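Residue numbers run from 1 in the order of the sequence given. Below, each value reflects all heavy atoms present in this structure, side chains not excepted, and no hydrogens, waters or symmetry copies. Note that the structure is a prediction, hence the values are computed from the model and not measured.
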Amino acid sequence: MATVESGGVVCRCREMGSCFPGEARFQGKQIIKKNLSSFSTIPFFRNGFVDGRRLTARNNRIIRMEAREKSRSKIVNSSRRNKVPVFMMLPVDVFETGPSGKMRIPRFKAIRASLNALKVAGVHGVAVEVWWGVVERFSPLSYDWFLYEHLFKLVSDCGLKLHAALSFHSNMRSTFRGKEGVSLPQWILEIGAHNRDIYYQDQKGMSNDDYLTLGVDNFPLFSGRTALECYGDFILSFVNKFDHLIGDLIEEISIGLGPSGELRYPAHPFEDGRWRFPGIGEFQCYDKYMMDDLKMAACRVGKPQWGERGPQNAGGYNSSLSAAPFFKEGDENFLSDYGHFFLEWYSGRLIHHADAILEKAAQLLKKYKKNNLPSVILVAKLGGIYWWYNTVSHPAELTAGYYNTESRDGYDPVTSMLSRHGAALHIPCLEMADSETPASCFCSPERLLKQIVGTSEQNVIHLTGRNTNERFDKDGLWQIHYNCCRPLAAVVKSFTFFRMNDKIFRLENWNNFLPFIRMMSTDH
């Protein structure tokens, strides 16, 4: 099953090669937009890039839209209430490290060709990760927006809108050439080389440099600044640089709050091999800053012994529920006084972390209004931890930082916090159905989605969405359309498709994708 970076789920899309391995050229006549009323253009991808050369008559010809109407019965028959703009997330390898150590966009022409194809298809915009490790790469407070100025101009020239995802995590991936991708800023890595406690750690002391632990939020460890100040200064620099685009080209701004940009702990680390689906994951609170905070919290409730460590009977990354007593009945389990104290602290620190960052972002964006309404949507991403959902304890959610159990709504405090800042919640799993998940793992993406939608409505916040698994088939696309446009129609404001790669432009997939986009972007 191919999946995307979302909610700690296995991300095999990173293992695919470049989406643009060669220079893209449209050959022959340009695609004329007025022809869309009669024809759908099927770009043929050769070696992963758009090739507009004459398509062969048998398999790759331009197909009349009318000739495909009968093949789309499942999608076409679903009713619509309103249109939902679709953003396409750009590939993970848009940026690469050049010989000088600076980041660059190596296949600019190929990106242009692909964006033009998306525009012709009816895609509303693209989502672009705005990496901390690209912009503030070499020294603190030294921001280089050159690459993003060019990329944003390209998006504008192609007639697309923009979701800017401010990303404070890394995106390193293993390839045959070694480690590639975008790391945290080099000056942060230098600090981390001498102090590994600036990163999250598990009970064995293992850490990764994907995201700073929230334990350092208020410690001036970064050239005299706290982590929260680093995030706030970056957001301020972005707003100042692209002030003229916000509310026009830039319609949505999401703020990274954890691994993969999501509000969660890195409890399910797939990339380094520690975790495999459907393991329950591990609590990530063992860096010295988090442990000091836990000790102080325990002393405040008169139980200093509770602050000595996290739960010792919670199993390991790949444990099942039966192998982790903390998540079952018994002494010192998740329902005990100790269990309640720890989970309240663990989840509460995560929400406080998001609250502090979003407060700064909301203050900076409140000036962008049209007719007294926000002209840009502030967005926070949530992880989709759907395995072990159909159990009493929901262990995989608990280790990720969501204090959600059969008897407690763990997403209400999250949506309540977002409501205070006028932020929308970006939710995953919109393409998933319970029937497609393994019964042995007690999965329920549908119940998870229903719960999050319910608490979002109660706290009056909007939702935006995305897919968790890479799906190009009609069933997957229909499920996305169903979730966006029928039961959730009152709250879903946009959908982000994760993510652009060579597969989407293959003939069969493109034939499914075109009518999906047409339905999502048309009022009925």
> Going by salt bridge (charged side-chain N to carboxylate O under 4.0 Å, His left out), name the residues that satisfy it together with R349, two or more places apart in sequence or in a different chain.
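In terms of salt bridge (charged side-chain N to carboxylate O under 4.0 Å, His left out), with neighbours along the sequence ignored, R349 is linked to D293.
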
> Quick one: are N390 and S444 in side-chain contact, heavy atoms under 4.5 Å?
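They are in side-chain contact.
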
> Using a 3.5 Å distance criterion without hydrogens, assess whether the side chain of E446 forms a donor-acceptor pair with backbone atoms of D434.
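Between the backbone of D434 and the side chain of E446 there is a qualifying donor-acceptor contact (under 3.5 Å).
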
> Strictly under 6.0 Å, is that where the ring centroids of H268 and Y317 end up?
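Between H268 and Y317, the centre distance exceeds or equals 6.0 Å.
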
> Could I get the full list of side chain to side chain contact (heavy atoms under 4.5 Å, CB included) partners for D217, not counting sequence neighbours?
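In terms of side chain to side chain contact (heavy atoms under 4.5 Å, CB included), with neighbours along the sequence ignored, D217 is linked to L214, A227, L228, Y231, H353.
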
> Quick one: list whatever passes salt bridge (charged side-chain N to carboxylate O under 4.0 Å, His left out) with D157, sequence neighbours left out.
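Scan of D157 (salt bridge (charged side-chain N to carboxylate O under 4.0 Å, His left out), adjacent residues dropped) gives K153.
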
> Report the residue from H163, K493, H426 that forms a side chain to side chain donor-acceptor pair (under 3.5 Å) with T464.
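So the option named by the test is H426.
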
> Assign the ring pair F277 / W275 to parallel, tilted or perpendicular, where the plane angle (0 to 90°) is split at 30° and 60°.
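Perpendicular.
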
> Looking at residues at least two apart in the chain, or sitting in another chain, which of them share a salt bridge (charged side-chain N to carboxylate O under 4.0 Å, His left out) with E251?
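So E251 forms no salt bridge (charged side-chain N to carboxylate O under 4.0 Å, His left out) with any residue.
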
> With rounding to the nearest 0.5 Å, note down the distance linking OG in S319 to CD in E282.
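Rounded to the nearest 0.5 Å, the OG-CD separation comes to 7.5 Å.
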
> Judged by atom type as modelled, is there a donor-acceptor pair below 3.5 Å linking the side chain of R499 to the main-chain atoms of L90?
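Confirmed, R499 side chain pairs with L90 backbone.
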
> Quick check on Q186: does its CD atom have over 12 non-hydrogen neighbours (other residues, nucleotides or ligands) under 6.0 Å away?
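Correct, the count exceeds 12.
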
> So, S375 side chain and Y368 main chain: donor-acceptor pair closer than 3.5 Å or not?
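Answer holds: yes.
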
> Can you name the one residue among N469, N467, D473 that meets side chain to side chain donor-acceptor pair (under 3.5 Å) with R471?
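Among N469, N467, D473, the one meeting side chain to side chain donor-acceptor pair (under 3.5 Å) with R471 is D473.
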
> Side chains of Y211 and E262: donor-acceptor distance under 3.5 Å anywhere?
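Distance-only check fails for Y211 and E262.
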
> If I take atom OH from residue Y386 and atom SG from residue C441, how far apart are they, to the nearest 0.5 angstrom?
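Separation between the atoms: 8.5 Å.
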
> Within the structure provided, determine whether E129 and V182 are in side-chain contact (heavy-atom separation under 4.5 Å).
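Result no, sub-4.5 Å side-chain heavy-atom pair not found.
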
> So do F270 and R276 actually touch side chain to side chain, heavy atoms under 4.5 Å?
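In contact.
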
> What are the two closest non-hydrogen atoms of F472 and N512, and how far apart are they?
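Shortest heavy-atom separation between F472 and N512 comes out as O-ND2, 3.1 Å.
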
> Rounded to the nearest 0.5 Å, what's the gap from OG1 on T97 to NZ on K179? Could you check?
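T97 OG1 to K179 NZ: 13.5 Å, rounded to 0.5 Å.
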
> So, E271 and N208: side-chain donor and acceptor under 3.5 Å apart, yes or no?
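No.
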
> When you check the side-chain N and O atoms of T437 and W387, is any donor under 3.5 Å from an acceptor?
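Their side chains do not contain a donor-acceptor pair, so the 3.5 Å distance test is not met.
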
> Atom CZ of F505 and atom CE of M500: how far apart are they, to the nearest 0.5 Å?
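It is 5.5 Å, given to the nearest 0.5 Å.
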
> Counting N and O atoms only, with roles assigned by atom type, does the side chain of N501 sit under 3.5 Å from a partner on the main chain of K503, one being a donor and the other an acceptor?
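Yes.
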
> Does a salt bridge link R274 with D202, judged by any charged N lying under 4.0 Å from a carboxylate O?
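Looking at D202 together with R274, the answer is yes, because their closest N to O distance falls below 4.0 Å.
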
> Going by ring pair (Phe, Tyr, Trp, His ring centres under 6.0 Å), name the pairs with one or both residues in residues 247-267, residues two or more places apart or in two chains.
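Counting only pairs at least two positions apart or across chains, the ring pair (Phe, Tyr, Trp, His ring centres under 6.0 Å) contacts touching residues 247-267 are Y200-Y265, Y265-Y346.
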
> To check you understand the geometry: which heavy-atom pair defines the closest contact between T468 and M432, and what is its length?
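Looking at all heavy atoms of both residues, the closest pair is CB-SD, 4.0 Å.
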
> Over 60° means perpendicular and under 30° means parallel, so tell me whether F513 and F497 are parallel, tilted or perpendicular.
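Because their plane-to-plane angle is over 60°, the rings of F513 and F497 count as perpendicular.
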
> Could you tell me which residues satisfy salt bridge (charged side-chain N to carboxylate O under 4.0 Å, His left out) with E359, sequence neighbours excluded, listed by chain and number?
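In terms of salt bridge (charged side-chain N to carboxylate O under 4.0 Å, His left out), with neighbours along the sequence ignored, E359 is linked to no residue.
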
> So does P185 get a backbone contact from the side chain of W132, meaning a donor-acceptor N/O pair under 3.5 Å?
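Absent.
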
> When rounded to the nearest 0.5 angstrom, what is the spacing between OG in S167 and CG in L257?
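Atom-to-atom, S167:OG and L257:CG are 10.5 Å apart.
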
> Just by distance, do the side chain of S494 and the backbone of F87 share a donor-acceptor pair under 3.5 Å?
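The answer is no, because no donor-acceptor pair under 3.5 Å joins these two groups.
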
> Okay, side chain of S114, backbone of A110: is any donor-acceptor separation there less than 3.5 Å?
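Judged by distance alone, yes, a pair lies under 3.5 Å.
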
> Donor-acceptor check, side chain of K119 to backbone of G159, threshold 3.5 angstrom: yes or no?
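Yes, the answer is positive, given that a donor and an acceptor are paired below the 3.5 Å cut-off.
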
> Any side-chain heavy atom of P374 sitting closer than 4.5 Å to one from L365?
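Sidechains of L365 and P374: no contact.
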
> Quick one: do the T415 and N459 side chains pair a donor with an acceptor below 3.5 Å?
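Checked: T415/N459 side chains pair up, N/O donor to acceptor below 3.5 Å.
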
> Say whether, by atom type as modelled, one donor and one acceptor occur between the side chain of S456 and the main chain of I452 under 3.5 angstrom.
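Between the backbone of I452 and the side chain of S456 there is a qualifying donor-acceptor contact (under 3.5 Å).
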
> Atom CH2 of W131 and atom CG of L184: how far apart are they, to the nearest 0.5 Å?
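One finds 9.5 Å between CH2 of W131 and CG of L184.
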
> Is there a side-chain contact between H462 and V492 in this structure, where contact means two heavy atoms from C-beta onward sitting under 4.5 Å apart?
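Of all side-chain heavy-atom pairs linking V492 with H462, none is under 4.5 Å.
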
> Under 4.0 Å between a Lys/Arg side-chain N and an Asp/Glu carboxylate O for E252 and R466?
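R466 and E252: not salt-bridged.
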
